Amino acid sequence: MRPGLMRTVSALGGVSLVLVALAAVLPPVAAGTMLFAPNPDGGHALGAFFVSRILPALRFTVLQAVLSAILAVLVGLPGAFLAARRDFPGRRILLSLSGVPLCVPPVVIALSFVLFYGRSGVLNSVLMAIFALDAPPVTFLYSLAGVVLAHGLYNFPVVLRTVSRAWERLPADREEAALLLGAGPFRVFRTITMPALAGPLVSSALLVFLYCFFSFVIVLMFGTIGGTTLEVELYQAARNVTNLRGAALIAVVETLCAIGFVLLHAFTRRYFSHTRGMNVLRSRKPLCGIREIGPGTGYLVLLAVFFIGPLCMIVVRSLTVTSGGQYTGATGFALSGWASLFTLPSFYSALAATFAVGCATAFLATAAALAFALYEEKRGSESTFMRTLPLLPLAVSSVVLGFGWTMLVPEGSVAVLVVAQAAVSWPFAWTQIRASLDRIPKEIPQAALLLSPRASDVSFRVLVPLARRGILSGAGFAFAISAGDASLPLILSLPEFENLALLLFRLSGSYRFTEASACAVLLALITGVVFFLQDSEKERSS
Amino acid sequence: MKNPLCIVLFMIIGAAFVNMYARGSGDDAGRSREVVVYAYDSFVSEWGPGPELKRLFEEKTGYTVTLVSCGDAAEVLSRAVREKSKPRADVLVGIDTTLLAQARASGVLVPYRPKGADEHIPDDLVLSDDWLLTPYDWGVFSIICDTESDIAPPASLEELTGAAYRGRIILMDPRMSTPGAGFLAWTMAVYGERHTDYWERLKPNILTLAPGWDAGYGLFVAGEAPLVISYTTSPAYHQEYEQSSRFRALVFPEGHIRQIEGAGMVRGAGNQDGAAAFLDFLISSEAQNVLPLTQWMYPVNASVPLPDSYRAAPAVDRILPLPDGDIKAAMDRVLDLLSR
């Protein structure tokens, strides 16, 4: 790469970084300024409201989010090991599931869980048939357990992907040395592997935690009847034009809470060692021996039944249509839902918009994240502040973001949409890139710096190629977030704009649940394929 | 830019600039031929009446219509309130009975009585005497029953509290959905002050308060519970597109309450004449014809023939007046009671 070109690319990276950072910071700031808005009524009871409704809501929200993150880690960790260290059929499909939590809307996930675990769902029907029961035996769905199960299973692919990415490049020498010295496999795992994986593990657990902290569709659907979360209270307050100050107060409390969690994460991370080892992809062994095949197959089968099962129900739903002619109301299987989706006049423009905006968002978010990560590398020091900054956009919930954006932009454009989505997906892209860069031994950039004429050569010729997997993975996450986003296009009120997520929202808002399910399956497939292709590119290159 | 505070300061200044620019920009040229209409999303979508109404109106009058989707009806109003000092919309669509008081208090609308109002709109559908809003369609909240389930359909609102329906009713969160708020208002209209006792009795029978109509109705169609709150016209959809009479709307002897949706002219609108023309058009037979199969609501104009599928929508004889109590306070009380 010529130096001139390198300068241009660096400048572009810097510009993307500034744009994305502005787009992440301005909306919450704008929402916060509403604290000083005139308040015709409301406001007087804010204190009492805070104690009576918000505090209990906060407690429940935190509890379910902690439990969900723990479940996601428990389910994701064995999968991360298998995907990183063992070869088995379906390995890449398992990895390509990562986009699911980001692109499939929670309403569809909730519906899929109902179709699988619900009262008249598959699981209950099967159990009732086998054991000749009169009443459905599985009834935990509408409880805290249901919320945690849905959240945990929905989000574990994030843990799986992030951790397996680090695990497959973990240096073998220390583990081998420990084994030679007589440590058992569990002791090696506990004292060597685990501490080395702690960084990505804690990061991905935080992503899941915040995701669940802000989630309200699944919480309201399965949680206590009449329950509430900060996000729901804010949603309600922000819609009431006479109580903007109340809305701003909730927005500030919620964002500060979330920033607190991000900071907590940053400080716990400091206690884990940041061993930088050989950035060499370790070979994967096939599953062998009864001690591996047994639990390994068991895990995969359980995963297939309890996680893939509900997702399959969406496919089944997309094929279920009312048929049988006049006045029977019988249902049957047919492709008519898919056919009518594909023949919608707006379908192809929505598909094109999804790809165009998704790719633009992925590019911008990745450029910004990479620019920031390389700047960090250049500075060399690992300050907690620099490590926390990119995660801060995670502390801004979608309702706060929407509230803020509506203050800022009366008339949105597609460019604003791309920048806004890039701001949302930036932390995901950065997490992936950071995890890759962290696996590069310190000596490599140091040696490169000695041998290169310019410092930028180190970034462009050494770090970027070595971190390519993380960069692509980050772009994949950003694409998935953009593809699944129906709320920002609505908030920005883009005239004539429609992507697949918005199409899905409109289909399910107009009784067309079969077509909506087909659209959800398509969204999951598209992001699945994006991850799948990216992984295969890496397989070849390494 | 070494200092992080410096970065934050820079961002705040940037925010101020973006804000100023956003407020300052605006193009008045060509506004006299353009009518800007703010509506909720399902009105604007492919299956809503928006695209067809736009086509008909443009053909008839030569104006161009810009339809802007603002999310839901409450967001239509709140967007207009934010833009009060420099309005961009000429017409707001979707302000219903429950939003009327907020719309009046905010002062973003001016009264306008559309041409042909006397001829087309029955007196009982007029939203307010000063014509702050022009009603264009209406619907009746009711419980929909799945006739293929094992339950006997409840015969009254009171019977919904019976032990036979334990965990069998899907309601919607009144904070997030119109039918959800409509059901709450219905219990207030029937039971008055004692509606909290009713909710206490109903509590064990509620499977979930779904966050939104689409989530709740989706659950119902998936067979998770045999009863759901929606509109009497919901079965007409299944009749029209699925030739199915499986889902039936129940008529209760206590009476039902009605949702009337209206549109209004924005105060200080850039194109007042265009706004007036659009409101005149909205109640004309031509426009009203579009509504039954797109809105799944009754058109206000009674001379419009209803499609055959509307025979699946039972007539409701007893329409109750809206409750006078504070719906927001009732919402908090009922949600408190349910979450206890």
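Heavy-atom basis, side chains included; hydrogens, waters and symmetry copies ignored. Since we're looking at a predicted model, the values are computed, not measured. Sequence lines set the chain letters: A, B, ... in the order given, protein chains first and strands last, and positions in each chain run from 1.
Nearest heavy atom pair, residue B:T208 against residue A:M221, reads OG1-O, 2.6 Å. When all heavy atoms are compared, the tightest approach of B:E224 to A:S120 is OE1-N, 3.7 Å. For the residue pair A:P345 and B:E46, the shortest heavy atom distance occurs at CD-OE2, 3.1 Å. Across all non-hydrogen atoms, the minimal contact from A:R506 to B:D41 is NH2-OD1, 2.6 Å. Of all heavy-atom pairs spanning B:D214 and A:F513, the tightest one is O-CE2, 3.5 Å.
For A:L507, the parts lying near chain B are the backbone and the side chain together; criterion is any non-hydrogen pair under 4.5 Å. Looking at B:S234, both its backbone and its side chain come within 4.5 Å of chain A, counting heavy atoms on both sides. With a 4.5 angstrom heavy-atom cutoff, B:M176 touches chain A via backbone and side-chain atoms both. Interface remark: B:F247 contributes no atoms to any contact with chain A (heavy atom separation under 4.5 Å). Looking at B:L337, neither its backbone nor its side chain comes within 4.5 Å of chain A, counting heavy atoms on both sides.
Annotation: B:R201, atom CZ; neighbour count of heavy atoms from other residues, nucleotides and ligands within 6.0 Å is above 12. The number of heavy-atom neighbours closer than 6.0 Å to CZ of B:R88, taken from other residues, nucleotides and ligands shown, is above 12. Heavy atoms from other residues, nucleotides or ligands lying under 6.0 Å from OH of B:Y231 number more than 12.
In this structure, B:I206 CD1 and A:Y142 OH are separated by 13.0 Å, a value rounded to the nearest 0.5 Å. Here the straight-line distance linking atom CG of A:L220 with atom CZ of B:R175 works out to 6.0 Å at 0.5 Å rounding. Atom OG in A:S510 sits 9.0 Å away from atom OH in B:Y241 (nearest 0.5 Å).
Ranked by heavy-atom pairs under 4.5 Å with chain A, the list B:L207, B:L171, B:T66, B:T147 is led by B:L207. Heavy-atom pairs under 4.5 Å with chain A were tallied for B:G218, B:G167, B:A210, B:G71; the largest tally goes to B:G218. Among the candidates B:L209, B:D173, B:V44, the residue making the largest number of heavy-atom pairs closer than 4.5 Å to chain A is B:L209. Between chain B and the residues A:V108, A:L502, A:V107, A:L111, the largest count of heavy-atom pairs under 4.5 Å involves A:L111.
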Begin with the C-alpha distance, continue with both residues' side-chain angles, and end with the deciding distance and a verdict on side-chain contact (heavy atoms from CB on, under 4.5 Å) for B:E75 and A:L490. CA-CA 10 Å; B:E75 284 156 348; A:L490 270 182; over 6 Å; no

Please report the C-alpha distance between B:W47 and A:L344 in whole Å, then the side-chain angles of each, then the deciding distance to 0.1 Å, and finally whether the side-chain contact (heavy atoms from CB on, under 4.5 Å) criterion is met. CA-CA 11 Å; B:W47 302 280; A:L344 282 178; 3.6 Å; yes

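The shortest side-chain heavy-atom distance between B:E242 and A:T514 does not fall under the 4.5 Å cut-off. Considering only heavy atoms from C-beta on, A:R512 comes within 4.5 Å of B:Y237 through its side chain. The closest side-chain heavy-atom distance from A:E498 to B:S69 is not below 4.5 Å.
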